Amino acid sequence: MATNAKTILCLPGDGIGPEVMRETRRVLDWLGKKRKVAFEVSEALVGGCALDKEGAPISEATMKTALSVDAVLFGAVGGPKWDPNPFNMKPERGLLRLRKDMDLFANLRPATVFDALAEASTLKLDVVKGIDVMVLRELTGGVYFGEPRGITTLPNGERKGVNTQVYTTSEIIRIAEVGFELARKRRKKVHSVEKSNVMESGVLWREEVQKLHDAKYPDVELHHMLADNCAMQLVRNPRQFDVIVTDNLFGDMLSDVASMLTGSLGMLPSASLGAADKYGRRKALYEPVHGSAPDIAGKDAANPLATILSAAMMLRYSFDLPAEADMVEGAVKSVLDGGMRTADIMQPGKAKVSTTVMGDAVIRELDKLVA
Ligand code: IPM
Ligand code: MG
């Protein structure tokens, strides 16, 4: 393999993860063969399968590889089998450790509607048509990681659960900077979202974002919005949004809301990025927004498009291969325009297909592009 090969660690994980990853790897193989992009792909365990086989939600060896590759491509983790596990032995800890140890503070969750799917949204067509929202979620701070945390027993025998919402100025500034930079390449509008009406961390968030805006990004339109209102506005009039910058927990929830506007969670990719090093390279992990969907795992019924689109984001953000990213995204669009649907995006009059057949169709569309 050429020494300048781009190194990718695939972590399929649990549930439908292995199925959607299998189809995505076919796309990478295709790019290697037909576009001569040199990838060096390795695969390892994460989540419940790692707990079963290696005794931890992610092994030290896998962590080491994740920290050394150019990009990590992640499937999904979790399932009922591991629900009773103690907190530190839950499959999700594998993902949270990757985010934390790779310092992936910026989570990009684009929600765009494919025209062919606009009618699959539970919202009215005229509300969702043409939406293009980027939810930028802070991913390594806030209540997910704040200390103190834990469950203790009080002297009176009651139990107490504690988590801490905490943000420092530097954490707020670095995520807001990414938000303003993204907005400059889009429609130049940022909504900064917090709960400054009830939380001091929200007051600080609002003040720091405003200061940064005034000092460095006066050309970008900035709005502050409370998180509950933002959830409501997302379903009322999503087209008002361009970039939404928000904390870890609000971002978790708002990105689920934004994703459903598009008709299916099964369509949405994401990128989690670290800070740029002196060569401009960032640590990066790409993953579909959907979860492991244990109810349909192993049935060849899952939608592989979110993971395939996550790989397209990897081509764009980590490998600077915009032409190849366009090809993959274009192939997905053509497949949808042609009427193929996995169960999650099935519509009357369309052809319901399996994970594998959907993968076949993407490859076929890619083949047409080089024929
Ligand atoms: C997400 C998921 C994760 C989160 C879980 C699986 C830990 O919901 O990526 O949105 O809460 O961050
Ligand atoms: Mg979530």
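We count residues from 1, following the sequence as given. Worth saying up front: this structure is predicted, and the values here are computed from it rather than measured. Atoms within each ligand, like the ligands themselves, are counted from 1 in listed order.
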Is it true that Ser196 and Trp205 share a donor-acceptor pair across their side chains at a distance under 3.5 Å?
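Short answer, no.
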Which pairs pass ring pair (Phe, Tyr, Trp, His ring centres under 6.0 Å) with one or both residues in residues 169-188, sequence neighbours excluded?
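Matches after skipping sequence neighbours: Phe180-His213, Phe180-Tyr217.
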Per residue Asp252, nearest N, O or S atom to the Mg ion (ligand 2) is named OD1
Trp30 and its side-chain contact (heavy atoms from CB on, under 4.5 Å) partner, picked from Lys34, Lys33, Arg26:
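Filter result, single survivor: Lys34.
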Examine [X] relative to [Y] and say whether NZ or CZ is less than 6.0 Å from the centre of the six-membered ring and inside a 45° cone about the ring axis.
X: Arg174; Y: Phe105; result: yes
X: Arg109; Y: Tyr286; result: no
X: Lys333; Y: Phe114; result: no

Select all protein residues for which some heavy-atom-to-ligand 1 distance is less than 4.0 Å, and list them by chain and number.
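Heavy-atom contacts below 4.0 Å: Glu92, Arg99, Arg109, Arg137, Tyr144, Asp252.
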